[in-house]
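Every heavy atom of this structure was used, including side-chain atoms; hydrogens, water molecules and symmetry mates were not. Only a predicted model underlies this, so the values are computations on that prediction, with no experimental measurement involved.
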Amino acid sequence: MTAEAPPAPALSYGRRIPVTVHFDDLDALGLLHNARYPLLVERAWAELWQAHGIAFDGDWVAAGDACNAVKELRLTYEAPVTRPGPYAVHLWLDRLGTTGLTYGFRFCSADGAVTYARGSRVLVRLDATTLRPAPWSEGFRGAARELLRPDA
């Protein structure tokens with residue numbers, strides 16, 4: 001008889017995206033290097049939006065909503081990641097404005113039960129020609145609304 005892992009707890013908001021920590025992501029002490037957390041969160045964010053057809057393929061003008069810049073990043077480490085393997089990033093939106101948004105995240109165990117780090121990030125949608133703030137498209141806004149935290 002094979003024991004099966006219990007199902008991951010259901011999320012009441014946002015999405016949990018699987019990520020992998022590799023051996024070379026660890027520092028000299030065998031801990032996930034602090035600079036890797038934002039990188040893994042960024043990869044999860046990119047995967048989530050690519051599933052909605054929003055991605056950068058080398059042409060900033062054609063990139064549309066993928067043409068954005070980070071205005072702020074906040075990150076708090078809660079527990080050390082001490083080994084390579086499967087983990088997850090839980091992503092959600094705290095705020096969706098006309099030209100900007102704030103998303104929250106948790107770097108967590110694959111099942112979402114353990115939180116290793118949490119934070120938020122502010123993005124601003126940019127016009128590729130002027131690099132000034134530009135409004136999110138209606139298609140992006142529709143997909144983004146699905147990620148809004150209910151009490152946000």
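Smallest separation of non-hydrogen atoms from Ala88 and Ser109: CB-O, 3.7 Å.
Every residue two or more places apart in sequence or in another chain that forms a salt bridge (Lys or Arg N to Asp or Glu O under 4.0 Å) with Glu78 is listed here: Arg118. Here Trp45 pairs with nothing under the side chain to side chain donor-acceptor pair (under 3.5 Å) rule; sequence neighbours left out. Listed by chain and residue number, Thr130 satisfy the side-chain contact (heavy atoms from CB on, under 4.5 Å) test with Arg132 (two or more places apart in sequence, or in another chain). Under the salt bridge (Lys or Arg N to Asp or Glu O under 4.0 Å) criterion, Arg83 pairs with no residue, sequence neighbours left out. Evaluation of the side-chain contact (heavy atoms from CB on, under 4.5 Å) rule for Asp24 yields His22 as partners, not counting sequence neighbours. With sequence neighbours excluded, the residues satisfying side-chain contact (heavy atoms from CB on, under 4.5 Å) with Asn68 are Leu123, Trp136. For the side chain to side chain donor-acceptor pair (under 3.5 Å) test, residues two or more places apart in sequence or in another chain that qualify with Tyr103 are Arg121. Residues passing the salt bridge (Lys or Arg N to Asp or Glu O under 4.0 Å) test with Glu47, sequence neighbours excluded: none. Judged as a side chain to side chain donor-acceptor pair (under 3.5 Å), and not counting sequence neighbours, Thr98 has no contacts. For the side-chain contact (heavy atoms from CB on, under 4.5 Å) test, no residue two or more places apart in sequence or in another chain qualifies with Pro18. With sequence neighbours excluded, the residues that form a ring-ring contact (aromatic ring centres under 6.0 Å, His included) with Tyr77 are Tyr37.
Under the 4.5 angstrom side-chain criterion for Ile, Leu, Val, Met, Phe, Trp and Tyr, the cluster partners of Phe56 are Trp60.
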